[in-house]
Protein chains: 2
Amino acid sequence: MATVERTPDLGFLFAKAAHSLQTEMTARLEHIGLMPREQCVLSKALEGEQTQIRLAERCELDKTTMVVTVDRLEKAGLVERRPSPTDRRARIIAVTEKGKAVAEEGDALIEGIYADILGSLPDDERAVFANALARLVTDRLSNPPTCVTPVRRPRTS
Amino acid sequence: MATVERTPDLGFLFAKAAHSLQTEMTARLEHIGLMPREQCVLSKALEGEQTQIRLAERCELDKTTMVVTVDRLEKAGLVERRPSPTDRRARIIAVTEKGKAVAEEGDALIEGIYADILGSLPDDERAVFANALARLVTDRLSNPPTCVTPVRRPRTS
DNA sequence: TATTGTTATACTCTATAACTATA
DNA sequence: TATAGTTATAGAGTATAACAATA
């Protein structure tokens with residue numbers, strides 16, 4: 001006897017998944033003294049020396065949020081602000097040796113979580129799920145309609 | 001030649017999906033004068049008359065959040081607070097005729113969005129994706145570890 | 001003593017605006 | 001005039017505590 005097919009509550013599922021994952025990442029990153037946003041910035045900064053603005057764009061953060069994030073990273077000795085040789089307004093975010101170590105630790109930690117989550121799915125569903133999720137975000141769920149009271153983004157990503 | 005398999009950025013994908021969907025729901029519900037949280041409460045209230053506390057539990061809302069939500073719904077004439085016949089502390093949330101109409105409109109609207117989103121996936125991926133997402137939330141992503149600075153939930157769900 | 005509903009409040013975080021110094 | 005970085009502030013919203021009425 002077939003069960004009644006109900007449309008799954010995507011709003012609830014996405015919200016729950018995002019919140020749980022964010023919580024797990026936050027908890028694990030606490031052990032190495034990073035907040036998820038700092039981990040994101042640090043990791044991106046490691047890929048190549050860039051200005052704050054460039055980093056903010058790549059992390060999809062407001063430039064004012066980037067200021068406080070870099071403040072913290074700098075205070076922790078993980079990055080340095082260096083004057084740009086070509087633009088005296090701009091500052092290059094350079095990752096220190098210590099920052100490099102922490103960033104790599106954080107990257108591995110996050111990758112481990114992702115791998116473990118995907119690993120919890122049956123082998124034959126894993127790739128389909130990952131591809132479908134990526135496609136939804138890229139296609140159907142890109143450019144949502146604007147609303148009068150914009151939905152605030154939760155912290156980090 | 002096989003492309004390098006990178007672990008997809010689940011944190012980014014879930015956050016983006018949740019935010020985009022929330023934005024889309026907010027935009028569409030604005031047309032019928034509801035916020036997503038109100039729609040959720042109204043819809044659950046329609047399933048049977050319950051106390052505020054019970055409704056709050058089912059919507060996973062704080063009871064103080066429920067107060068302001070019911071305030072708004074009541075002011076809009078969509079629900080009424082009635083004294084519980086069995087517990088003089090409690091109040092039963094009764095949906096009005098107008099509220100019933102709006103709730104059904106909202107339900108249909110949300111269901112339509114979900115169906116459209118799932119419909120954007122290839123036929124052979126749809127069920128796998130929905131099942132995998134539901135399983136992740138139910139299993140691997142339930143009970144995330146607690147962290148020192150708890151991750152705030154964005155509004156609604 | 002615990003619970004329902006309410007009110008008040010603290011606190012965090014996002015978003016915006018304004019300012020400086022350069023370009 | 002526009003942009004990089006900074007600072008300050010407004011505003012929204014969550015979470016918490018405290019209270020009154022009742023169990």
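A, B, ... follow the sequence lines: proteins, then strands. Residue 1 opens every chain.
- OP1 or OP2 of dT6(D) has at least one side-chain nitrogen or oxygen of R81(A) nearer than 4.0 Å.
- Residues satisfying the side-chain hydrogen bond (donor to acceptor under 3.5 Å, both in side chains) criterion with S84(A), sequence neighbours excluded, are T86(A).
- Pairs engaging residues 91-100 of chain A under the salt bridge (Lys or Arg N to Asp or Glu O under 4.0 Å) rule: K100(A)-E104(A) [sequence neighbours left out].
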Dump every N/O contact between nucleotides 16-23 of chain D and the protein below 3.5 Å, one line per pair.
| unit_1 | atom_1 | unit_2 | atom_2 | d |
| --- | --- | --- | --- | --- |
| dT16(D) | O4 | T64(B) | OG1 | 3.4 |
| dA23(D) | OP1 | R88(B) | N | 3.1 |

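- R37(A) places its CZ atom 9 Å from the C1' atom of dT14(C), with the value rounded to the nearest Å.
- For D107(B), the salt bridge (Lys or Arg N to Asp or Glu O under 4.0 Å) criterion is met by no residue, not counting sequence neighbours.
- Rounded to an integer number of Å, the gap from L61(B) CG to dA15(D) C1' is 13 Å.
- Applying the 4.0 Å criterion to OP1 and OP2 of dT3(C), one finds that R91(B) has every side-chain N and O outside that range.
- Using modelled atom types, no side-chain atom of Q39(A) and backbone atom of I110(A) make a donor-acceptor pair closer than 3.5 Å.
- Residues from residues 41-57 of chain A that place a heavy atom under 4.0 Å from any atom of DNA chain D, listed by number: T51(A), Q52(A), I53(A).
- By the 4.5 Å heavy-atom criterion applied to side chains, L34(A) and L78(A) are counted as neighbours.
- Listed by first and then second residue, the side-chain hydrogen bond (donor to acceptor under 3.5 Å, both in side chains) pairs involving residues 117-126 of chain A are D123(A)-R126(A), E125(A)-R135(B) (not counting sequence neighbours).
- In this structure, R82(A) and E49(A) have side chains that are in contact, with non-hydrogen atoms separated by less than 4.5 Å.
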